[in-house]
Protein chains: 4
Amino acid sequence: MPPSSLTLFSVSPGSPEPLYRQLMDQIRRLVAGGQLAPGDDLPSVRDLAQSLTLNPMTVSKAYGLLEMEGVLQRRRGLGMQVAGAQGKPALDVAARLELLRPILERAALEARQLELDSNFVLELFQQIFEEKT
Amino acid sequence: MPPSSLTLFSVSPGSPEPLYRQLMDQIRRLVAGGQLAPGDDLPSVRDLAQSLTLNPMTVSKAYGLLEMEGVLQRRRGLGMQVAGAQGKPALDVAARLELLRPILERAALEARQLELDSNFVLELFQQIFEEKT
Amino acid sequence: MPPSSLTLFSVSPGSPEPLYRQLMDQIRRLVAGGQLAPGDDLPSVRDLAQSLTLNPMTVSKAYGLLEMEGVLQRRRGLGMQVAGAQGKPALDVAARLELLRPILERAALEARQLELDSNFVLELFQQIFEEKT
Amino acid sequence: MPPSSLTLFSVSPGSPEPLYRQLMDQIRRLVAGGQLAPGDDLPSVRDLAQSLTLNPMTVSKAYGLLEMEGVLQRRRGLGMQVAGAQGKPALDVAARLELLRPILERAALEARQLELDSNFVLELFQQIFEEKT
DNA sequence: GTGGTCTAGACCACA
DNA sequence: GTGGTCTAGACCACG
């Protein structure tokens, strides 16, 4: 159970989404996608806060709420780690797609409001998707 | 340019979305969808506020911000109306696609964190895009 | 004393400046510059209002205030005309330059806030000035 | 990034210019002139409101609009600060000149209505421009 | 009649 | 502590 890299994480201070919530969503996705596996250690509150230039309380709040959800578990004196198999089984593709649905709906809404053609939008999306891979 | 009906509008006070923002989104959509055409009058601040049981300032804030965006136009002493073609030079397709880029990048990021395959994601996106059209 | 042409006048509804005041300033300038000479007839309230798509009351207010200032004079049943020599003598160049000073100061202020070099600004100004002549 | 002093700010309640707009203009000028540098903190809404004996909402309105313009940046729970270089890509000279064009066109129009010679006008403009620098 | 500004005072979410 | 939202109610300029 290797410690997870700091480079997995990022937040956008400009977004209307609260910072602690951005973090929570992100960790949930990383766990669902398997990039954070059960037993993996998470970065310490202090390290992650420094790396993202956040207030440590913000990171702590995200960790705390995810612990309540059962996604993470606190091991006294050792930091947080991803909850084991008894917490939640890894999600299959269909379930992970469902997690993606909200943002796709929002993007589709914006595209329609911009009166954009489906083909152009899909093409741009594919291009963005692949270039950063 | 008939006055637009009060019945076009509604807000949900329970939503986390601020009331003035709900109104803005709604008006933008009505304009984009053609239910409010350039030159149409909007309900007066007071009428709309009363109809939605809102404070007039809340409506006024929405109107004011939409004026700054170029969606609406003030006619002094006469009320607001939907901005005509001269209001916005009408962005071309490429420019509008650029406006969409940020949310697509965010969606792509989330999809990658979920370890989802590009094909599945694009398919879901297309389906969402087209079903609501 | 020919009737003055409707084409001399214009207003910008988008400006923060009240419409009646825009009209007043404009007429004062046209009189100061000699394009409206003492004895010249002004367009009727109705004609001018229609030509500028203004409320006739707005035009009437401008005319009324200029009458109080002595710039215009009302001739019963015949409309307004530019006040004669006894009203105000034509302004010399220095005086007319003074009337221009406020907007030049405002333009200079904006240019400085934009950190623009005096040479570039003057060049653009000259170009604009001459192309529309 | 030191907190900016309260003593930098002032408003005149007697002016026809709205208070929030006076504040906006002042902050824009302070930023343009370098007295407020990117990264500097602004006084808190409450502090500035008390110092100017304004309602906090008035200050908040000014801050909010400047944020929309990209001049200021919100740091949640920490207050506002002057937007950094990444906020605005810093317009080049040509683009900034374009922002100046509307007022120069208006000034040229007024000058023509006053039947003023281009040389006199440019000379006065240059004089005004340079004396206040 | 229209919208715009301002105040006072309350409540909320975020860090 | 920070800013954001909303209300109630007042006053103003404009048309």
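Between B:Ser60 and E:dG3, a side-chain N or O to OP1/OP2 separation shorter than 4.0 Å is absent.
Summarising the geometry, the separation between CG on B:Leu42 and C1' on E:dT2 is reported as 13 Å, rounded to the nearest angstrom. Per the geometry, CG belonging to B:Leu65 stands 14 Å off C1' belonging to E:dG3, to the nearest Å. As rounded to whole Å, 13 Å separates atom C1' of E:dA15 from atom CG of A:Leu23. Computed from coordinates, the D:Gln50 CD to F:dT2 P distance equals 11 Å when rounded to whole Å. Going from atom CZ of B:Arg75 over to atom P of E:dG4 covers 14 Å, rounded to whole Å. The interatomic distance linking D:Met80 (CE) with E:dA15 (P) rounds to 15 Å, in whole Å. When the P atom of F:dT2 is taken as reference, atom CG of A:Leu54 falls 20 Å away, rounded to whole Å. The distance between atom CG of B:Leu72 and atom P of E:dG4, rounded to the nearest whole Å, is 11 Å.
When each of F:dG4, E:dG4, E:dT2 is scored by its nearest atom to the side-chain atoms of B:Arg74, the top-ranked nucleotide is E:dG4.
No more than 12 heavy atoms of other residues, nucleotides or ligands sit less than 6.0 Å from atom CZ of A:Arg21. By the 6.0 Å contact criterion, CD on C:Glu67 is enclosed, its count of non-hydrogen atoms from other residues, nucleotides or ligands being greater than 12.
Without hydrogens or angle criteria, B:Asp40 side chain to B:Ala37 main chain gives a donor-acceptor distance under 3.5 Å. Between the side chain of B:Ser12 and the backbone N or O of B:Ser15, no donor-acceptor pair lies under 3.5 Å. Checking side-chain atoms of A:Gln22 against main-chain N and O of A:Glu17 turns up a donor-acceptor pair under 3.5 Å.
With DNA chain F read from its 5' end, the first of the two nearest nucleotides for B:Glu17 and D:Tyr63 is the one closest to D:Tyr63.
Closest non-hydrogen pair, C:Val59 versus C:Leu48, comes out as CG1-CD2, 4.0 Å. In plain terms, the two heavy atoms of D:Gln26 and D:Phe9 that are nearest each other are OE1-CA, 4.0 Å.
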Quiz item: Could you write out DNA chain F as a dot-bracket string, with dots for unpaired bases, | for bases paired across to another strand, and Watson-Crick or G-U pairs counted at under 3.5 Å?
Solution: ||||||||||||||.

Quiz item: Can you check side chain to side chain contact (heavy atoms under 4.5 Å, CB included) on C:Leu23 and C:Leu66, steps first, answer last?
Solution: CA-CA 10 Å; C:Leu23 246 188; C:Leu66 286 171; over 6 Å; no

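Interatomic distance, CG of D:Leu72 versus CG of D:Asp41, reported as 11.0 Å (0.5 Å rounding).
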At a cut-off of 3.5 Å, list every protein nitrogen or oxygen paired with a nitrogen or oxygen from nucleotides 10-15 of chain F, distance to 0.1 Å.
{"from": "F:dC14", "atom 1": "OP2", "to": "C:Tyr20", "atom 2": "OH", "distance (Å)": "3.4"}

